[in-house]
Participant: 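I'd like to ask some things about the structure below.
Atoms within a ligand are numbered from 1 in the order they appear, just like the ligands themselves. All values below come from the heavy atoms of this structure, side chains included, with hydrogens, waters and symmetry mates left out.
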Amino acid sequence: METFGERLHAAIDQRGPLCVGIDPHAALLARWGLSDDVAGLERFARTVVDALADRVAVLKPQAAFFERFGSRGVAILESTIRQSREAGALVLLDVKRGDIGSTMAAYAAAYLNPASTLRSDAITVSPYLGVGSLRPAFDLAAETGAGIFVLALTSNPEGASVQHAVGPGGKTVAQTVIDEISQLNAGVSPLGSFGLVVGATIGKTGHDLSAVNGPLLAPGLGAQGGTPDDLRAVFGESLHNVLPSYSREVLAAGPEIADLRAASDRVLAEVRAALG
Ligand SMILES: O=c1ccn([C@@H]2O[C@H](COP(=O)(O)O)[C@@H](O)[C@H]2O)c(=O)[nH]1
């Protein structure tokens, strides 16, 4: 069985280092001339899949924007995940789950079990209950060839007050998360399946990402103010493992498929130039 790290490495080789988010904000539905309801949601998500799933390495549906429409929104999320994967994109479902281990096992089954209708290639998780509480998700991911991205240094300005806090061992909370995830990827080639989320907006923080050996998802580009040039300051020597992620910056170019493709090609060229 191919691991998520192997599949992601191959997808980036073939399609380039880019993740595009599927974030059907109410404001974007309006901008596209769509109604803020399930029909609008379905058209929006289908258009993004038709435009990008056969060309970008990773699509990242943001579960919140589907869940706000209840069970009918979740049904659209299911079809969006399925159609994206059928068209060749890897799907990173942005759900940011995190709970005590026994409950985490159920979340993992919902998103990573091959029999689940929400089965994705990878998910985002929150380590606020301790990285160890995520163990059932790590185990199921390893068993099924899926990936996990753990929030470490998030792109929002509020994140630092918790993530930069220093624990009893003298390490920051974020560095503790980074080090625990690094252990899961130790010795793996070409790329581990356990990634971190590190915002492109955070600047130079002094955190050491050199041992991660896994993908570093970088949201915060575009609409949140981060630029490809910021990536060097944030990631330094770890730039080669960065997966830049854009949502609104690309989605705002819709609803025409050609315009979405052009926006995605433009940001890909910009991040390629920055990553070197
Ligand atoms: O630290 C984080 C973690 C996740 N996100 C998510 O990424 C997208 C960003 O959307 P933009 O439109 O490109 O700003 C969104 O789904 C967030 O929930 C993040 O921004 N920062």
Participant: Within the 3.5 Å criterion, strictly below it, is a donor on S182 or D179 matched to an acceptor on the partner's side chain?
Facilitator: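 No.
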
Participant: In the protein, what heavy atom is nearest to atom 6 (C) of ligand 1, and what distance, to one decimal place, separates them?
Facilitator: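 That would be D94 OD2, 3.5 Å.
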
Participant: Under the side-chain contact (heavy atoms from CB on, under 4.5 Å) test against S264, which residue among L251, V56, D259 passes?
Facilitator: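 Considering L251, V56, D259, a side-chain contact (heavy atoms from CB on, under 4.5 Å) with S264 is found only for V56.
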
Participant: For atom 9 (C) of ligand 1, which protein heavy atom lies nearest, and how many Å away is it?
Facilitator: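 Ranked first by proximity to atom 9 (C) of ligand 1 is Q224 NE2, 3.5 Å.
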
Participant: Pairs of nitrogen or oxygen atoms closer than 3.5 Å, one from D23 and one from ligand 1: do any exist?
Facilitator: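 Yes, there is a polar N/O contact under 3.5 Å.
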
Participant: State the atoms of ligand 1, each with its element, that fall below the 4.0 Å cut-off from a heavy-atom position in R248.
Facilitator: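 Counting atoms of ligand 1 from 1, those under 4.0 Å from R248 are 11 (P), 12 (O), 13 (O), 14 (O).
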
Participant: If you measure from each non-hydrogen atom of N156 to ligand 1, which part falls under 4.0 Å: side chain, backbone, both or neither?
Facilitator: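 Neither; no heavy atom under 4.0 Å.
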
Participant: Is D121 reaching over with its side chain to a backbone N or O of V91, donor-acceptor style, under 3.5 angstrom?
Facilitator: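 A pair under 3.5 Å: yes.
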
Participant: Does T144 use its side chain to pair, donor to acceptor, with the backbone of N113 at less than 3.5 Å?
Facilitator: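 Checking the backbone N and O of N113 against the side chain of T144, no donor-acceptor pair under 3.5 Å is found.
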
Participant: Could you tell me the residue and atom name of the protein heavy atom closest to atom 19 (C) of ligand 1, and the distance to it rounded to 0.1 Å?
Facilitator: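 Closest protein heavy atom to atom 19 (C) of ligand 1: S155 OG, 3.5 Å.
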
Participant: May I have the step-by-step check of salt bridge (charged side-chain N to carboxylate O under 4.0 Å, His left out) for D36 and R68, ending in yes or no?
Facilitator: CA-CA 11 Å; D36 188 17; R68 79 187 177 97; 2.6 Å; yes

Participant: According to the interplanar angle, ranging from 0 to 90°, do the rings of F194 and F138 count as parallel (below 30°), tilted (30 to 60°) or perpendicular (above 60°)?
Facilitator: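 Answer is perpendicular, since the angle exceeds 60°.
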
Participant: Would you say the side-chain atoms of N213 pair up with the backbone N or O of N185, donor to acceptor, closer than 3.5 Å?
Facilitator: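 Looks like yes, one N/O pair under 3.5 Å.
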
Participant: How far is atom 8 (C) of ligand 1 from its nearest protein heavy atom, and which residue and atom name does that atom have?
Facilitator: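 Ranked first by proximity to atom 8 (C) of ligand 1 is K60 NZ, 3.5 Å.
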
Participant: For the residue pair H207 and H164, does the interplanar ring angle fall in the parallel (under 30°), tilted (30 to 60°) or perpendicular (over 60°) class?
Facilitator: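 Plane angle between 30° and 60°, so tilted.
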
Participant: Decide yes or no on side chain to side chain contact (heavy atoms under 4.5 Å, CB included) for Y107 and V125, but give the supporting numbers first.
Facilitator: CA-CA 10 Å; Y107 279 131; V125 296; over 6 Å; no

Participant: Kindly confirm or rule out an N or O of H25 lying under 3.5 angstrom from an N or O of ligand 1.
Facilitator: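 No, H25 has no N/O under 3.5 Å of an N/O on ligand 1.
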
Participant: If you measure from atom 2 (C) of ligand 1 to every heavy atom of P61, A63, P219, G220, which option wins on shortest distance?
Facilitator: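 Going through P61, A63, P219, G220 one by one, P219 has the nearest heavy atom to atom 2 (C) of ligand 1.
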
Participant: Would you check whether T154 has a nitrogen or oxygen atom less than 3.5 angstrom from a nitrogen or oxygen atom of ligand 1?
Facilitator: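 Looking only at distances, the answer is no, because the N/O contact criterion of under 3.5 Å is not met.
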
Participant: Can you confirm, on distance only, whether ligand 1 has an N/O atom lying under 3.5 Å from any N/O atom belonging to S247?
Facilitator: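 S247 vs ligand 1: N/O contact under 3.5 Å present.
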
Participant: Give the numbers and elements of all ligand 1 atoms closer than 4.0 Å to a heavy atom of V197.
Facilitator: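 So the atoms of ligand 1 that pass are 1 (O), 3 (C).
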
Participant: Which is closest to atom 5 (N) of ligand 1 in terms of heavy atoms, Q163, K96, Q62?
Facilitator: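 Nearest option to atom 5 (N) of ligand 1, by heavy atoms: K96.
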
